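Please read all numbers here as calculations on a predicted model, not as lab measurements. The figures that follow rest on heavy atoms only: side chains count, while hydrogens, waters and symmetry mates do not.
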Amino acid sequence: MTSSTVELRRRLAASLALADPAGTTAPEPACAGAREAMALAQALGLPADAALAGARLCEQLWRLGRHADVLTHAPPVLQALSQDPLAGNLALERYQLMRVFAISACEMAAFDRALDTAHELVRLVGPLGDPNASLKAAFTLGACFERMGDSWQAARVVGEALRIHGPAAQAEDQLVTQNALCAFYIGLFHRLNGAAPQAEVDQALAQALEAGARAFSNLPNPAPEQMEIAVCGNLGEVLMYNGQGEAAQALLQRAQATAQARGFAAYIWRMRTTMAVNEILQNRPEAALAEMQALITEMGDQAPLQTAIRAHHAAYRACRQLGRFEDALVHFETVERMERRRATQQLRAQSELFVTRTEAQHAHWQAEQARQDAQNQRARAAEFAVHAERDPLTGLGNRRHFDRRCAELLPALQRDGEPVALALMDIDHFKIINDTHGHAAGDRVLVALAALLRENTRSRDVLARYGGEEFVIVLPGMSLAQAREVCERLRERVAAHTDFCAEVPELRMTVSLGLAAAQPYEAEALLKAADLALYRAKHDGRNRLRVSPPVSAPDHATVLAPDRQGG
């Protein structure tokens, strides 16, 4: 590799880093970095880096509110990202660009392109089984419905996605989706206000407040700027309509200051329209009108449709409040034209895509919900199975666990010709411990002994609390001689252990063990032999190991050694 090529690659890496939406660079210089990265990648013959730079350029343009530019630049980049070998390596970038493209298409009233992209995104991420990707796809589809004027459908799609995927998703994706739900309920509030019974209007506002407050309470500190702007802006708007003007103003100013610091033009415009409405509600229409007139001029033809509608509607309200009815009529008619434009585009999108796509999407969500429900059922069944085989005090396996593991393990060991040994361990004089120090101390001893056994055995060994103060240990792959050494070390470590019960620091304890080894590879026969050996260890003075002679096949009328309760 020549020195000039090395230098070009270094510049490419620096330009890609500058354009990274996760970085701290303002959108304008980030766009410049993305364009430079695209040129360098093309010169070096690196299509993956060129596609990555193009995706980052589109996201920065989106942050600047330059949605028409996004619609121009994104399609060839999406085409490149969908081609092998790029598709696998840059899948996340492709999905993010699809989200950006769909929302920009909505802002430009290109609803057919927006819906087509959103549905394709849902189709792509569905088979992944990734709750985070599913939430983001649902958010994108919901945003399309919201921009088309269907806040009911938007809230339903996102609310259902949160119910299905939210518990398993990352905190950040839960937060983003919860904030989106707040925005959709705000949209529903606007559409119902003055056109529906007051109870429905109040319910929509209450739902927006609940979702917004939940998102705000989960906002990390420090929070990513874009997330802070969106969450504070939405909650500020809800509080404004809820009559909490001062609290709303503080949140809106916080969101606007962050947006201005990062140069996020689209967010700045949205905050300015909301703050103008707050001025109107606080009986300051002159300031609101001046701000909206300046904003409408500043946005020009780059204005997102929804923001332009909100700006003219705020200007209309301010003019009406000031008694400037002719000016109010001009702004009102502008809003009407924009709404008709949106309605026309929406009807066109519906006639081409909406009905069939919605039916397909509904079927997909139903299938996804069924898959998720089945997965949850399997997870619950597995959890119940684990709990059913666990001793609740020590966390070791219980008799059911021992039986199942032996049924799996012993035939495999026999088939492979591997040895196996089984030891029964019993705490010496355990009844005296209970009688002297209390049952709580006895429980702590059992827990401490279980921990000691876990620390001194292998992951493939089977440990179980077999009853009371008795434990069983299965040692696959160990000969009788090897198992004897292991059991002796366990016995010695128990005798030397000094931390069985913090409340009784002077407490010491010993155990007795009985050991047996296959053949035959039958749990019942091994248990009988180990139990008889354990009985001899107790009889011979305790704190010792006794080994069974070779095991014979069980006669299925086995009687274990006499009861050793109390050790």
Table please: side-chain donor-acceptor pairs of residues 28-48 below 3.5 Å, with sequence neighbours left out.
{"unit_1": "Glu36", "atom_1": "OE1", "unit_2": "Ser15", "atom_2": "OG", "d": "3.1"}
{"unit_1": "Glu36", "atom_1": "OE2", "unit_2": "Arg11", "atom_2": "NH2", "d": "3.2"}

Residues in side-chain hydrogen bond (donor to acceptor under 3.5 Å, both in side chains) contact with Thr25, at least two apart in sequence or another chain: none
Given Arg324 and Glu286, is the salt bridge (charged side-chain N to carboxylate O under 4.0 Å, His left out) satisfied, shown in steps? CA-CA 11 Å; Arg324 297 170 53 175; Glu286 298 92 345; over 6 Å; no
Any residue meeting salt bridge (Lys or Arg N to Asp or Glu O under 4.0 Å) with Glu107, in chain and number order, not counting sequence neighbours: Arg147
Gap between atom CZ of Arg310 and atom CZ of Arg270 - 0.5 Å precision: 4.0 Å
Which residue, Asp150, Ile103, Leu115, forms the side chain to side chain contact (heavy atoms under 4.5 Å, CB included) with Cys144? Leu115
Solution key, residues 54-65 side-chain donor-acceptor pairs under 3.5 Å, sequence neighbours excluded:
{"unit_1": "Arg56", "atom_1": "NH1", "unit_2": "Leu16", "atom_2": "O", "d": "2.7"}
{"unit_1": "Glu59", "atom_1": "OE2", "unit_2": "Gln96", "atom_2": "NE2", "d": "3.2"}
{"unit_1": "Gln60", "atom_1": "NE2", "unit_2": "Ala19", "atom_2": "O", "d": "3.1"}
{"unit_1": "Arg63", "atom_1": "NE", "unit_2": "Gln226", "atom_2": "OE1", "d": "3.1"}
{"unit_1": "Arg63", "atom_1": "NH1", "unit_2": "Pro21", "atom_2": "O", "d": "3.2"}
{"unit_1": "Arg63", "atom_1": "NH2", "unit_2": "Pro21", "atom_2": "O", "d": "3.2"}
{"unit_1": "Arg63", "atom_1": "NH2", "unit_2": "Gln226", "atom_2": "OE1", "d": "2.9"}

Please table the atom pairs, donor to acceptor, closer than 3.5 Å between any side-chain atom in residues 210-224 and protein atoms at least two apart or in another chain.
{"unit_1": "Glu210", "atom_1": "OE2", "unit_2": "Arg214", "atom_2": "NH2", "d": "3.1"}
{"unit_1": "Ser217", "atom_1": "OG", "unit_2": "Ala213", "atom_2": "O", "d": "3.3"}
{"unit_1": "Ser217", "atom_1": "OG", "unit_2": "Arg214", "atom_2": "O", "d": "2.8"}
{"unit_1": "Asn218", "atom_1": "ND2", "unit_2": "Arg214", "atom_2": "O", "d": "3.1"}

Kindly determine whether Arg262 and Glu228 satisfy salt bridge (charged side-chain N to carboxylate O under 4.0 Å, His left out), including the steps that lead there. CA-CA 12 Å; Arg262 290 299 309 276; Glu228 180 178 356; over 6 Å; no
Sequence neighbours left out, what passes ring pair (Phe, Tyr, Trp, His ring centres under 6.0 Å) with Phe332? Give chain and number order. Tyr316
Would you give the length of the straight line joining atom CE of Met240 to atom CD of Glu246, rounded to the nearest 0.5 angstrom? 15.0 Å
Does the gap between the ring centers of Tyr241 and His190 come in under 6.0 Å? yes
